[in-house]
Asks: 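Here it is, the structure in full.
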There are 2 protein chains.
Amino acid sequence: MAKKIIRIKDIAKAAGVSIGTVDRVLHNRGKVSEDALKKVTAVLKKNEYKPNLIARTLGSNKAYRLVTLLPNPEQDPYWAFTHKGILQAENEWSHYGVSIVTCVFDLQEKKSFEEAAKKVLKLKPDGILIAPIFYKEALPVFKTFFDKAIPYALFNTHIKESNAISFIGQDLYHSGRVAAELICIGQKGPGTFSVLHVDEDLNDSIHLLEKEKGFKDYVNEFYDGHSVIESLNRTSSTDFSFKKRLATLLKKPDLKGIFVSSSRGTATAASFLKSHGKNGIRLVGYDLLEKNVEYLNSGVIDFLIHQKPQQQAFEGISCLVNHLIFKKSPQPINLFPLEVITRQNMPSYQVESINYHPQGTSILN
Amino acid sequence: MAKKIIRIKDIAKAAGVSIGTVDRVLHNRGKVSEDALKKVTAVLKKNEYKPNLIARTLGSNKAYRLVTLLPNPEQDPYWAFTHKGILQAENEWSHYGVSIVTCVFDLQEKKSFEEAAKKVLKLKPDGILIAPIFYKEALPVFKTFFDKAIPYALFNTHIKESNAISFIGQDLYHSGRVAAELICIGQKGPGTFSVLHVDEDLNDSIHLLEKEKGFKDYVNEFYDGHSVIESLNRTSSTDFSFKKRLATLLKKPDLKGIFVSSSRGTATAASFLKSHGKNGIRLVGYDLLEKNVEYLNSGVIDFLIHQKPQQQAFEGISCLVNHLIFKKSPQPINLFPLEVITRQNMPSYQVESINYHPQGTSILN
DNA sequence: ACTGAAAATGTGTGCGCACACACTATATTT
DNA sequence: AAATATAGTGTGTGCGCACACATTTTCAGT
């Protein structure tokens with residue numbers, strides 16, 4: 001027996017009032033006598049009314065304008081995937097009157113972030129998805145959003161004091177730990193390990209330092225043998241000293257593995273390692289970028305940690321949609337699993353991305 | 001500018017006919033003059049009409065009865081997860097008038113499968129999700145479903161000649177390959193590898209042999225050193241010869257790793273390995289069952305391959321719902337990624353399962 | 001040319017909800 | 001006592017679609 005679904009009409013009948021009164025109670029629009037209120041709430045409690053979210057959206061026909069404030073997808077394949085997820089989400093939710101405007105900024109330019117933020121505000125959005133890459137610059141932006149009562153969700157970088165409705169991302173500390181674990185598997189004896197940050201201004205990249213911390217902690221806790229951990233940082237593609245320092249590193253006979261802290265740098269590191277000769281040096285990086293997949297296939301890269309940018313972006317938008325349209329309070333922190341990609345399971349992930357079923361149906365109920 | 005959505009009404013106006021005529025064209029219910037048909041299809045092509053799936057379900061109020069034919073969840077934690085996913089799916093789709101009846105069978109009893117199949121038929125289901133564990137017994141069952149024109153989706157075990165609308169599962173051959181890869185990481189020299197099948201009648205378990213094949217192929221292709229692969233099979237918990245054979249295996253000094261082909265057997269193997277002493281023997285098994293997680297944490301198990309039973313079950317039901325309610329033809333083969341679980345990334349998966357957002361929103365296109 | 005069936009087309013209703021609006025009953029003011 | 005305000009309540013409409021049903025048109029058979 002399928003328990004039948006309770007509608008407003010049913011509540012009204014049971015409480016001996018009209019639909020309108022029930023409606024007023026449900027949305028507490030006031031103008032209800034104490035007597036009626038009591039009756040309705042009593043029935044409501046007994047029956048666990050769940051509004052039919054589908055019917056709810058039907059009549060309204062409101063247009064929701066969401067705006068994203070993310071790094072330029074043309075600048076970085078990681079953000080290109082993110083953008084793909086945004087488009088997918090737009091397609092998914094367009095039925096509900098959702099449209100998405102994309103505002104982009106330059107990963108290297110704090111100014112462009114601030115300018116993009118201004119643009120966002122001008123668009124008078126109903127909700128915002130923001131990647132607050134630049135901590136200091138992001139704070140005042142949050143404030144203006146907050147003051148204007150525009151809900152915003154955080155993406156990629158978690159800033160606790162942001163007042164955002166939700167954070168969508170990964171646990172970066174544990175991401176580093178996973179990387180370390182993968183590098184350490186089956187290795188022993190004295191070893192040098194390296195963390196590579198490529199093309200990032202570390203001052204603004206707390207998130208990369210989180211990864212590094214996790215990496216170091218794991219090695220120190222678990223590595224079976226004496227270990228040295230070296231952190232290398234390439235500030236830009238024209239940073240020549242980096243090449244030298246890397247060459248020195250690669251010459252170390254006990255170099256066991258290299259961890260690249262970002263998806264972008266992964267292929268760069270791989271190309272260096274390839275030309276130098278792999279020599280059993282384990283390489284772990286991020287994401288299924290085209291180049292990375294090639295290097296994984298050819299054995300230069302050993303593992304990739306999948307950050308699922310596309311799916312994360314989809315989730316980010318869905319979170320806003322749930323909040324705005326379905327009035328569902330999102331979970332404040334939505335952490336994606338740290339998925340390990342190897343040569344052998346990689347194809348199974350690529351199929352997935354083609355048939356990608358975005359997560360998030362459970363807007364309902 | 002949000003491009004406005006085209007409704008039936010718009011089509012009708014543009015084609016100079018009534019809504020009813022457009023409706024007949026869309027659902028080709030016939031009774032349309034050639035002239036009208038031409039006009040409507042022309043407009044239809046120009047405007048790329050997408051029905052509003054939400055509105056579509058509103059009026060109908062039909063009840064859909066789905067039935068599952070799966071192994072008893074009380075018998076096996078893997079199938080308990082599956083069952084959880086079914087319940088989740090029911091909750092998710094109940095708004096659309098979907099109810100799910102669960103028919104279970106005994107994993108060890110072919111007869112019970114046949115009996116359960118009869119029960120399923122008696123329920124006059126609108127759709128069926130079936131795990132055709134027993135190949136030979138499943139074939140006639142498929143035939144009766146097919147003859148009665150009841151759509152059914154396959155779960156877990158793929159049978160090409162089943163005429164099912166979809167298969168939801170994993171690529172088992174590659175699953176074995178991934179397991180082998182994980183066992184081989186960082187190992188060299190002459191090595192013995194073992195595949196353990198626990199409590200399965202191999203005659204009926206083509207799927208386990210698929211995994212074994214993948215495992216063997218990988219080792220033969222890639223292992224750096226002479227390799228021997230031994231396959232061990234415990235037919236039941238009272239199979240005493242197994243214990244002996246396993247003891248012999250564990251004594252081999254060059255034993256590098258053990259691959260357990262099912263989630264159920266994983267903890268069993270782990271307990272043996274623990275009492276024997278790990279000695280660097282790598283252990284790979286399946287799924288985040290409670291015991292397995294413990295063994296993974298304590299270092300007895302090195303890797304788990306996550307089959308995501310819960311999510312898969314959800315997908316299975318969603319597939320039927322899409323087919324029945326939303327008239328969307330499902331992809332014939334829906335392969336889940338082969339997710340690698342380690343000690344370090346395991347917590348990130350457990351959070352996921354709590355906040356699980358089932359995949360499948362994309363009923364809306 | 002006229003009837004009657006069949007073919008083609010159009011109209012109306014309900015799905016569950018939100019929201020505007022109309023209405024009633026009581027209290028307050030003039 | 002009549003006019004007016006106001007709290008409380010009920011009714012009606014539309015959202016986009018499916019489907020039943022009403023209506024019109026066509027055309028064969030007389």
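Quick note on labels: first sequence line is chain A, next is B, and so on, each numbered from 1.
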Asks: Taking atom P of dA18(D) as reference, at what distance in whole Å does atom CD1 of Ile325(B) sit?
Replies: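 From Ile325(B) CD1 to dA18(D) P: 14 Å.
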Asks: Can you tell me which nucleotide in dT9(D), dC17(D), dT9(C) comes closest to the side chain of Ala55(B)?
Replies: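 Given the options dT9(D), dC17(D), dT9(C), the side chain of Ala55(B) is closest to dC17(D).
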Asks: With axes from five pairs an end, tell me the bend angle of the helix from dA1(C)-dT30(D) to dT30(C)-dA1(D), nearest 10°.
Replies: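 Both end axes considered, the difference amounts to 70°.
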Asks: Please list, pair by pair, any protein nitrogen or oxygen found under 3.5 Å from a nitrogen or oxygen in nucleotides 22-25 of chain D.
Replies:
none

Asks: Once you round it to whole Å, what is the distance between P of dT13(C) and CD1 of Ile19(B)?
Replies: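 That distance rounds to 14 Å.
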Asks: Is the phosphate of dT9(D), meaning OP1 or OP2, less than 4.0 Å from a side-chain N or O of Ser33(A)?
Replies: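 For Ser33(A), the contact criterion (side-chain N or O under 4.0 Å from OP1 or OP2 of dT9(D)) is met.
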Asks: When you measure from the side chain of Arg65(A) to the backbone of Leu123(A), do you find a donor-acceptor pair of N or O atoms at a distance under 3.5 Å?
Replies: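 Judged by distance alone, yes, a pair lies under 3.5 Å.
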Asks: For DNA chain C, what residues of residues 37-49 of chain A have any heavy atom nearer than 4.0 Å?
Replies: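 Result for residues 37-49 of chain A: Tyr49(A), sorted by number.
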Asks: Does a side-chain heavy-atom distance below 4.5 Å link Val104(B) with Leu70(B)?
Replies: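 A side-chain contact under 4.5 Å is absent here.
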Asks: Using heavy-atom distances to pick each residue's nearest nucleotide on DNA chain C, tell me which of Ala36(B) and Ile8(A) is more 5'.
Replies: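 The residue mapped nearer the 5' terminus is Ala36(B).
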Asks: To the nearest Å, give me how far apart NZ (Lys9(A)) and C1' (dT11(D)) are.
Replies: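 One finds 14 Å between C1' of dT11(D) and NZ of Lys9(A), rounded.
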Asks: Can you check whether Asn163(B) reaches Phe145(B) side chain to side chain, under 4.5 Å on heavy atoms?
Replies: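 Answer no - side chains too far apart.
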Asks: Rounded to whole Å, how long is the line connecting atom NZ of Lys50(B) with atom P of dC17(D)?
Replies: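 From Lys50(B) NZ to dC17(D) P: 13 Å.
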Asks: Phosphate oxygens OP1/OP2 of dA18(C): is one of them under 4.0 Å from a side-chain N or O of His27(A)?
Replies: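 So the side-chain polar atoms of His27(A) do come within 4.0 Å of the phosphate oxygens OP1 or OP2 of dA18(C), strictly under.
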Asks: Using atom CG of Leu53(A) as one end and atom C1' of dC15(D) as the other, report the distance to the nearest whole Å.
Replies: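 Atom CG in Leu53(A) sits about 16 Å away from atom C1' in dC15(D).
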Asks: Please check if atom CD in Glu161(A) has more than 12 non-hydrogen atoms from other residues, nucleotides or ligands closer than 6.0 Å.
Replies: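 Counting neighbours around CD of Glu161(A), more than 12 heavy atoms of other residues, nucleotides or ligands fall under 6.0 Å, so yes.
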Asks: Which nucleotide, dC17(D), dT9(D), dC17(C), lies nearest any side-chain atom of Arg24(A)?
Replies: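 Closest nucleotide to the Arg24(A) side chain: dT9(D).
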Asks: Of the candidate nucleotides dA8(C), dA18(C), dC17(D), which contains the atom at the shortest distance from the side chain of Lys31(B)?
Replies: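 The nucleotide sitting nearest to the side chain is dA8(C).
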Asks: For Asp10(A), give me all partners under side chain to side chain donor-acceptor pair (under 3.5 Å), at least two apart in sequence or on another chain.
Replies: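 Here the qualifying residues are Arg7(A).
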Asks: With sequence neighbours excluded, what pairs up with Asp147(A) under the side chain to side chain donor-acceptor pair (under 3.5 Å) test?
Replies: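 Testing Asp147(A) for side chain to side chain donor-acceptor pair (under 3.5 Å), a comparison that skips the adjacent residues, returns Lys143(A).
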Asks: Counting only side-chain N and O atoms of Thr21(B), is one of them less than 4.0 Å from OP1 or OP2 of dG10(C)?
Replies: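 Answer is yes, contact under 4.0 Å.
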Asks: Below 4.5 Å, heavy atoms only, C-beta onward: do Phe105(B) and Pro71(B) meet side chain to side chain?
Replies: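 SC-SC contact between Phe105(B) and Pro71(B) confirmed.
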Asks: Taking only residues two or more places apart in sequence or in another chain, which ones pass side chain to side chain donor-acceptor pair (under 3.5 Å) with Asp23(B)?
Replies: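 Residues passing side chain to side chain donor-acceptor pair (under 3.5 Å) with Asp23(B): His27(B), Arg29(B).
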Asks: How close or far is atom C1' of dC17(C) from atom CD1 of Ile54(A), stated in whole angstroms?
Replies: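 To the nearest whole Å, that distance equals 12 Å.
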Asks: Answer with base, sugar-phosphate or nothing: what part of the nucleic acid does Asn52(B) contact at a heavy-atom distance below 4.0 Å?
Replies: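 Sugar-phosphate, no base atom in range.
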Asks: With the side chain counted from C-beta on, respond yes when Val22(A) and Tyr49(A) share a heavy-atom pair under 4.5 Å apart, and no when they do not.
Replies: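 No, too far: nothing below the 4.5 Å cut-off.
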Asks: Please check if the distance between the ring centroids of Phe142(A) and Tyr152(A) is under 6.0 Å.
Replies: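 Yes, close enough.
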Asks: For the residue pair Ile168(A) and Leu154(A), establish whether any side-chain heavy-atom pair is separated by less than 4.5 Å.
Replies: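 No, every pair of side-chain atoms sits at 4.5 Å or beyond.
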Asks: Considering only dG16(C), dT9(D), dT11(C), which nucleotide approaches the side chain of Ser18(B) most closely?
Replies: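 Of all the options, the side chain of Ser18(B) is nearest to dT11(C).
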Asks: Please tell me which of the listed nucleotides, dA18(D), dT9(D), dC15(C), lies nearest to the side chain of Asp23(B)?
Replies: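 Per side-chain heavy atoms of Asp23(B), the pick is dA18(D).
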Asks: What is the separation between atom CG on Asp10(B) and atom P on dC15(D), rounded to the nearest whole Å?
Replies: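 Spelled out: CG on Asp10(B) to P on dC15(D) is 11 Å.
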Asks: We want to know whether Trp93(A) and Ser99(A) form a side-chain donor-acceptor pair, criterion being a heavy-atom distance below 3.5 angstrom.
Replies: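 Absent: no donor and acceptor within the cut-off.
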Asks: Within the pair Arg56(A) and dA18(C), is there a side-chain N or O less than 4.0 Å away from OP1 or OP2?
Replies: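 Looking at the OP1 and OP2 atoms of dA18(C), one of them is under 4.0 Å from a side-chain N or O of Arg56(A).
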Asks: Check whether any side-chain heavy atom of Cys319(B) lies under 4.5 Å from a side-chain heavy atom of Asn334(B), and answer yes or no.
Replies: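 Cys319(B) vs Asn334(B): side chains apart.
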Asks: Between Asp35(A) (CG) and dG8(D) (P), how many Å, whole number?
Replies: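 Atom CG in Asp35(A) sits about 11 Å away from atom P in dG8(D).
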Asks: So if I take every side-chain heavy atom of Arg29(A) and compare against dA18(D), dC19(C), dT9(C), which nucleotide ends up nearest?
Replies: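 Side chain of Arg29(A) sits closest to dC19(C).
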